[in-house]
Amino acid sequence: MKITWTGHSCFRLEQDGYVIVTDPYEDGKVPGLAPVRETADLVLCSHEHSDHNARGLVALRKDGPACPFKITKIETWHDEVQGAMRGPNTIHLLEAGGTRVAHLGDLGCGLTAQQEKLLKDVDVLLIPVGGHYTIDAREASDLVDLLSPKHVVPMHFRDDALGVGFPVIGTVEEFTALRKGVRFAETSELDTNHLPEEQVIVLRPENASGWNA
């Protein structure tokens, strides 16, 4: 499976020619990121906020290949008070080609025992780490310890060097400082057939205005 980080919480996942785009953001909604202009077979959104639900910016193919993904939706919350502040959040567990990838969306709460069981030992965990709107660096690190994923890709954080992300959220370094085995990649892409030894892989956002892949 090929995983490409567009930026913020938007990823492109490709398996056997089939493309899924997760959490596309509206134009101008995420500081420092160029607009989303993608073509895919399916769009998945974790919740209905404008920096995550821009389905209309993804052109859907009508004659693409059959979907190789098994998709499991896990309903959680965007906050610690059962959605009273920010509403619901959906985790998407995607399985294809023997690889399990979990996109946690804007997770803002703890998980139930059943949810932990579903997400235990995934191959790639796409996890928010910036805090304020989601779990923060410490909570994300604790969740990684709990779920024991083989690899972790942090998302939804601020990158001061690239000028990307909301000013109120934390940097990825606040998360990586809590982890061992970290690689800062010079690419936005991840091939699950050729993963590095390090558990945490910090990708470069493909749509960052301050960086061209």
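- Here the closest non-hydrogen pair linking Val144 and Pro149 is O-CD, 3.3 Å.
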* **Check against side chain to side chain contact (heavy atoms under 4.5 Å, CB included), Leu111 and Ile74** => CA-CA 10 Å; Leu111 301 176; Ile74 303 172; 5.8 Å; no
* Take Leu33 and Tyr25, measure what side chain to side chain contact (heavy atoms under 4.5 Å, CB included) needs, and give me the verdict at the end. => CA-CA 9 Å; Leu33 288 182; Tyr25 50 87; 3.5 Å; yes
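- Contact check for Val122 versus Leu147: no side-chain heavy atoms found under the 4.5 Å cut-off.
- Listed for the His156 side chain is no donor-acceptor partner under 3.5 Å among the backbone atoms of Leu107.
- One hydrophobic cluster, built from ILVMFWY side chains closer than 4.5 Å, cannot hold both Leu104 and Val43; they sit in different ones.
- Residues Val101 and Leu13 meet the side-chain proximity criterion, which asks for heavy atoms closer than 4.5 Å.
- Between the NZ atom in Lys2 and the CG atom in Asn193 there is a gap of 12.5 Å [rounded to 0.5 Å].
- Here the side chain of Asn53 pairs no donor or acceptor atom with the backbone of Cys45 at under 3.5 angstrom.
- Val19 is not connected to Leu94 by any chain of hydrophobic side-chain contacts under 4.5 Å among Ile, Leu, Val, Met, Phe, Trp and Tyr, and they are in different clusters.
- When all heavy atoms of Ile135 and Pro128 are compared, the pair lying nearest together is CG1-O, 3.5 Å.
- Taking NE2 of His103 as the start and OG of Ser9 as the end, the distance is 5.0 Å to the nearest 0.5 Å.
- Of the options His151, Glu197, Glu198, a side-chain hydrogen bond (donor to acceptor under 3.5 Å, both in side chains) to Arg183 is made by Glu198 and by none of the others.
- Not a single donor-acceptor pair under 3.5 Å links the side chain of Gln15 to the backbone N or O of Glu95.
- Atoms CG and CG, from Leu143 and Asp145 in turn, are 9.0 Å apart once rounded to the nearest 0.5 Å.
- Nearest heavy-atom pair, Gly7 versus Pro205, reported as atom, atom and distance to 0.1 Å: CA-CB, 3.8 Å.
- Note that CD1 of Ile127 and CZ of Phe175 are 5.5 Å apart. Values are rounded to the nearest 0.5 Å.
- A heavy-atom distance below 4.5 Å is not found between the side chains of Pro88 and Glu48.
- With hydrophobic clusters built from ILVMFWY side chains whose heavy atoms lie under 4.5 angstrom apart, Leu203 does not share a cluster with Val164.
- Within a 6.0 Å sphere centred on NZ of Lys120, other residues, nucleotides and ligands contribute more than 12 heavy atoms.
- Counting heavy atoms from C-beta outward, Met155 and His8 have side chains that stay 4.5 Å or more apart.
- A distance-only check finds a donor-acceptor pair linking the side chain of Asp23 to the backbone of Ser46 [under 3.5 Å].
- Aromatic ring orientation, Phe69 versus Tyr18: tilted (interplanar angle from 30° to 60°).
- Side chain of Ser50 to backbone of Glu26: no donor-acceptor contact under 3.5 angstrom is found.
- Within the structure, side-chain hydrogen bond (donor to acceptor under 3.5 Å, both in side chains) pairs that include any residue of residues 125-141 comprise Ser141-Arg179 (at least two apart or interchain).
- Using a 4.5 Å heavy-atom threshold, the side chains of Leu118 and Ile91 count as separate.
- No side-chain heavy atom of Leu44 sits less than 4.5 Å from a side-chain heavy atom of Thr90.
- Rounding to the nearest 0.5 Å places CE of Met85 at 14.0 Å from CH2 of Trp77.
- Applying the side-chain contact (heavy atoms from CB on, under 4.5 Å) test between Ile3 and each of Val124, Asp191, Ile201 identifies Val124 as the sole match.
- Side-chain atoms of Thr4 never come within 3.5 Å of backbone atoms of Ser188 as a donor-acceptor pair (strictly under, hydrogens ignored).
- Taken together through direct or relayed side-chain contacts under 4.5 Å among Ile, Leu, Val, Met, Phe, Trp and Tyr, Met1 and Val153 form part of one hydrophobic cluster.
- Side-chain contact between Ile71 and Leu42 is present, with heavy atoms from C-beta onward closer than 4.5 Å.
- No more than 12 heavy atoms of other residues, nucleotides or ligands shown are found within 6.0 angstrom of CD on Glu80.
- Val202 and Leu162 fall into different hydrophobic clusters, defined by Ile, Leu, Val, Met, Phe, Trp and Tyr side-chain heavy atoms under 4.5 Å apart, directly or through other members.
- Nearest heavy atoms, Cys10 versus Pro24: SG-CA, 3.8 Å.
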* **Chi angles and distances behind the side chain to side chain contact (heavy atoms under 4.5 Å, CB included) call for Gln115, Thr76** => CA-CA 9 Å; Gln115 291 167 344; Thr76 60; 3.7 Å; yes
* Please report the C-alpha distance between Leu126 and Thr22 in whole Å, then the side-chain angles of each, then the deciding distance to 0.1 Å, and finally whether the side chain to side chain contact (heavy atoms under 4.5 Å, CB included) criterion is met. => CA-CA 11 Å; Leu126 311 177; Thr22 68; 5.7 Å; no
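- A salt bridge links Arg61 to Asp41: at least one charged side-chain nitrogen sits closer than 4.0 Å to a carboxylate oxygen.
- Side-chain atoms of Arg158 never come within 3.5 Å of backbone atoms of Gly165 as a donor-acceptor pair (strictly under, hydrogens ignored).
- The shortest distance between side-chain heavy atoms of Asp123 and Leu195 does not fall below 4.5 Å.
- Note: Leu178 CG to Glu173 CD = 11.5 Å, rounded to the nearest 0.5 Å.
- By the 30° and 60° cut-offs, the orientation of the rings of His49 relative to His78 is tilted.
- For the residue pair Val21 and Ala40, the shortest heavy atom distance occurs at CG2-CB, 3.7 Å.
- No side-chain donor-acceptor contact under 3.5 Å links Asn207 and Thr6.
- In this structure, Pro196 and Leu190 approach most closely via the heavy-atom pair CD-CD1, 4.5 Å.
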